[in-house]
There are 4 protein chains.
Amino acid sequence: MTTATGAVEADQDRKAPGRPRSARADEAIIEAVLDMLAEGTAFEALSIEAVAARAGVGKATIYRRWPNKEALLFDAVKTVKGEPAQMGGGSVREDIVALLAPAGHLEHSRAGQIMPCLLAEMQRSPELRHVYQRISEPRRDLMRTVLRRGIAEGTLRPDLDLDMVVALLFGPLIAQSLVHWSPDTAREDLIERLVTAVWPAIAATAPADGS
Amino acid sequence: MTTATGAVEADQDRKAPGRPRSARADEAIIEAVLDMLAEGTAFEALSIEAVAARAGVGKATIYRRWPNKEALLFDAVKTVKGEPAQMGGGSVREDIVALLAPAGHLEHSRAGQIMPCLLAEMQRSPELRHVYQRISEPRRDLMRTVLRRGIAEGTLRPDLDLDMVVALLFGPLIAQSLVHWSPDTAREDLIERLVTAVWPAIAATAPADGS
Amino acid sequence: MTTATGAVEADQDRKAPGRPRSARADEAIIEAVLDMLAEGTAFEALSIEAVAARAGVGKATIYRRWPNKEALLFDAVKTVKGEPAQMGGGSVREDIVALLAPAGHLEHSRAGQIMPCLLAEMQRSPELRHVYQRISEPRRDLMRTVLRRGIAEGTLRPDLDLDMVVALLFGPLIAQSLVHWSPDTAREDLIERLVTAVWPAIAATAPADGS
Amino acid sequence: MTTATGAVEADQDRKAPGRPRSARADEAIIEAVLDMLAEGTAFEALSIEAVAARAGVGKATIYRRWPNKEALLFDAVKTVKGEPAQMGGGSVREDIVALLAPAGHLEHSRAGQIMPCLLAEMQRSPELRHVYQRISEPRRDLMRTVLRRGIAEGTLRPDLDLDMVVALLFGPLIAQSLVHWSPDTAREDLIERLVTAVWPAIAATAPADGS
DNA sequence: CGTTAATCGAGACGGTACGTCCTGTCTTCGG
DNA sequence: CCGAAGACAGGACGTACCGTCTCGATTAACG
């Protein structure tokens with residue numbers, strides 16, 4: 001695949017003459033970027049020079065791989081995949097809670113620290129947005145699978161607007177992590193409250209109907 | 001009152017010796033900032049020098065009013081209040097849709113263009129976050145009022161977790177405006193789909209109906 | 001006067017709006033360059049960054065005045081005028097020796113330290129050569145005046161090729177200062193030996209003639 | 001013998017295991033340097049990378065032979081020997097003119113193009129100066145031989161300060177080639193004018209005549 | 001005749017200087 | 001005193017070169 005602004009990958013299988021690029025440098029650079037992002041480094045202070053210094057790398061080594069700062073950020077974010085958020089195979093409700101957990105505690109993971117920093121950039125860069133979507137899609141897909149299982153089991157209503165329910169579950173958590181509406185003390189059981197609030201809309205309680 | 005990072009206001013009522021500050025300059029600067037934000041100017045390109053040039057103003061005229069770039073942004077955002085989103089006094093469901101409308105079409109207003117740019121900054125600056133909350137609070141409060149009216153009318157369930165329902169309604173729209181999960185074609189009736197999906201969770205169980 | 005590559009002088013008499021350029025910065029920069037040249041700083045080590053650091057000046061302050069390193073050198077050299085080499089008004093021979101003295105001891109003055117560094121650049125830059133010529137011309141002219149006085153007094157031959165005699169007197173000293181042909185011990189009385197050697201060619205000894 | 005800054009020569013007669021150094025590379029490198037110098041390449045643009053590219057050689061191949069750029073220049077210059085400036089065995093004056101000719105037309109030969117570039121470096125590097133002296137010494141020696149022959153013939157004065165006369169003859173030409181004092185139109189018969197001007201100082205006083 | 005070892009072109013490595021641009025402060029004018 | 005204009009010290013940008021290093025591929029002489 002060819003990324004628009006990403007690293008210049010010599011993706012040919014042809015032999016590359018000359019000294020090969022150092023994998024250690026690649027890792028050190030990306031790690032330095034992610035660490036600085038996660039540390040809460042002000043976005044303007046995330047200078048290439050600082051990255052180079054922190055990674056123990058020359059500036060040219062960075063610019064040999066990425067044409068500019070934006071592209072470096074781009075690829076750094078691409079590497080933030082996070083764990084697929086295993087669900088224990090319990091009840092549908094338990095699985096939903098398990099899937100929401102990482103999104104509910106975004107501020108405690110490096111990925112969570114990083115995401116908000118990129119939102120502004122995403123507004124301008126469709127590519128960066130695509131990356132974000134690609135990262136979040138697997139979790140959303142997993143959620144859809146769980147919902148379909150619930151429908152099959154009869155636990156959930158069969159006429160669910162799947163995409164909207166997914167948005168209903170993730171959206172408030174994402175917004176909360178950005179805006180911090182609720183006081184911090186209430187955040188602990190936020191996911192539980194959220195699922196409880198949404199549950200009547202999705203559970204297959206026989207007679208009640210709203211549409 | 002002196003805000004932490006806000007404009008340095010000469011809040012004394014005492015006579016100000018010398019030439020008074022130009023109100024035209026104030027407006028021109030704020031307008032320049034908002035225009036550039038709304039135009040999709042890259043955040044890093046929103047330099048004080050560019051703002052000064054666009055406003056036809058000297059750099060010192062800006063720094064005399066705000067101590068730094070952040071404070072300028074801060075005050076610029078404060079002026080974006082937006083209209084309180086009038087609701088026609090119809091059914092509860094109609095009012096909810098009316099209140100969600102501006103948030104659902106964020107990308108078509110200047111305020112909507114500006115918001116995402118501030119989210120990243122908000123992560124670092126609690127003050128800026130406070131401003132955002134102050135701006136959004138009236139709308140959320142209005143929503144709570146409508147929900148309470150619905151409960152009183154018997155249209156909505158009396159045991160609603162009000163804050164969570166508000167989050168359930170606004171959160172997905174905010175997340176959507178930032179992440180653009182859904183394809184653009186589906187966005188038109190996004191609010192309708194959202195309310196429809198949420199409705200079973202909030203509508204009074206047995207007899208009442210909101211459509 | 002407008003120099004081709006020299007400093008961008010606002011030679012208009014019109015008022016210049018804004019803060020005027022700092023004369024202290026001008027001096028500090030030029031002095032730093034000349035000091036570093038005279039100290040025997042390797043030409044490649046004469047970096048703009050080093051000059052800025054030594055002058056206690058930002059790099060932009062240098063680049064605001066000169067477009068590049070070459071132009072800075074150019075103007076720095078222009079300021080090296082050296083003293084007009086006073087001659088005591090003694091005999092013609094004594095005056096000649098007095099005029100040659102600074103050229104004969106070039107390596108002991110800052111100007112002498114600087115000149116050789118510029119010769120290579122002069123080969124490419126006619127402008128720089130012009131500066132060198134402008135600096136050296138007064139001395140050469142003074143020498144011509146002395147020679148004409150000697151001719152008028154009858155001390156020197158009336159048919160002298162003035163320019164060539166000047167070249168005969170300065171040329172060997174210049175070449176010597178660059179190439180260091182003679183061992184250092186012989187340099188003390190070099191001027192005396194030179195004048196002694198040249199003297200028969202210019203003195204008005206009546207009968208001898210070579211042409 | 002190992003020169004301080006010169007090429008690292010494997011001066012042992014011992015067997016050299018492994019692949020021997022390519023003589024073609026040696027030549028190509030030196031030729032590339034001399035060509036670029038003669039082409040008027042700005043001295044700062046004479047980068048090792050450019051030399052390597054021009055010579056069709058890897059950078060390491062250069063650094064394996066010379067420790068740094070200076071040493072490469074050093075050896076490149078050493079190879080510029082120039083022809084010994086044949087003299088036709090005519091009169092002493094004719095021989096002098098013949099010996100001066102190459103120095104008088106320095107700017108038309110590659111050697112002449114190169115020399116000025118080295119003068120600046122010579123100021124720092126005694127070694128490089130030594131090379132220059134070694135190159136120029138044969139010509140100066142030849143001149144001394146001619147002068148001694150003139151003295152023996154009775155054409156020249158017997159009490160000449162030989163070294164000074166040599167300096168008197170070469171010095172002005174060298175200075176002229178660097179500084180370009182005289183206008184170009186006068187340069188054609190420069191040597192003739194020089195010898196004519198010097199002649200009275202060296203010709204035997206009474207009877208002899210050199211023209 | 002296969003081993004061995006230094007060479008070759010190529011190019012990545014950590015550094016450093018370049019010349020440009022922006023920040024936040026300052027210093028001059030004219031109003 | 002304010003306003004515009006713009007210079008100031010500082011520092012990051014992205015480029016180019018230095019001198020070193022590491023590749024796979026030669027290329028001889030030794031065994």
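In what follows, chains are A, B, ... by sequence order, proteins preceding strands, each numbered from 1.
Nucleic acid contact class of A:Ala50 (heavy atoms, under 4.0 Å, all strands): none. Among the heavy atoms of the strands lying under 4.0 Å from B:Ala60 is at least one base atom, whether or not backbone atoms are also near.
We find that OH of A:Tyr63 is positioned 21 Å from C1' of E:dG11, with the value rounded to whole Å. Going from atom CD1 of D:Ile48 over to atom P of F:dC18 covers 6 Å, rounded to whole Å. Taking atom CG of A:Asn68 as the reference point, atom P of F:dG14 lies 6 Å away to the nearest angstrom. Taking atom CH2 of residue A:Trp66 and atom C1' of nucleotide F:dC13, one finds them 17 Å apart after rounding to whole Å. Distance CZ (D:Arg64) to C1' (F:dT22): 12 Å, rounded to an integer number of Å. In this structure, D:Leu46 places its CG atom 15 Å from C1' of F:dA16, rounding to the nearest Å. Straight-line distance from the CD atom of B:Glu49 to the C1' atom of E:dT25: 13 Å, rounded to whole Å. In this structure, CZ of A:Arg24 is placed 14 Å from C1' of E:dA12, rounded to the nearest angstrom.
Phosphate contact (OP1/OP2 of E:dT7, side-chain N/O of D:Ser22, threshold under 4.0 Å): absent. At the phosphate of F:dC8, neither OP1 nor OP2 sits under 4.0 Å from any side-chain N or O atom of C:Arg19. For C:Arg65 and F:dC8, the shortest distance from a side-chain N or O to OP1 or OP2 is below 4.0 Å.
Of the two residues contacting DNA chain F, namely C:Gly56 and B:Val57, the nearest-nucleotide position lying further toward the 5' end is that of B:Val57. DNA chain F is contacted by both C:Asp26 and A:Gly18; C:Asp26 maps to the nucleotide lying nearer its 5′ end (nearest heavy atom per residue). Position along DNA chain E of the nearest nucleotide to A:Ile62 versus C:Pro17 favours A:Ile62 as the more 5'-ward residue. Residue whose closest nucleotide on DNA chain E sits further toward the 5' end, between A:Ala23 and D:Gly58: D:Gly58.
You'll find that the side chain of D:Pro20 is closest to F:dA28, out of F:dC17, F:dA28, E:dT7. In the set F:dC8, F:dC17, E:dC8, E:dC8 carries the atom at the smallest distance from any side-chain atom of D:Ala25.
Residues A:Arg21 and A:Asp26 are not paired through a salt bridge, judged by the lack of any N-O separation under 4.0 Å between the basic side chain and the carboxylate.
The closest side-chain heavy-atom distance from D:Leu37 to D:Val33 is below 4.5 Å. Side-chain contact between A:Ile29 and A:Trp66 is present, with heavy atoms from C-beta onward closer than 4.5 Å. Looking at heavy atoms from C-beta onward, C:Tyr63 lies in side-chain contact with C:Ile48 at the 4.5 angstrom threshold.
Residue-to-nucleotide contacts include a donor-acceptor pair under 3.5 Å from the side chain of D:Lys59 to the base of F:dG19.
A:Ala55 and A:Ala28 get closest at one heavy-atom pair: CB-O, 3.5 Å.
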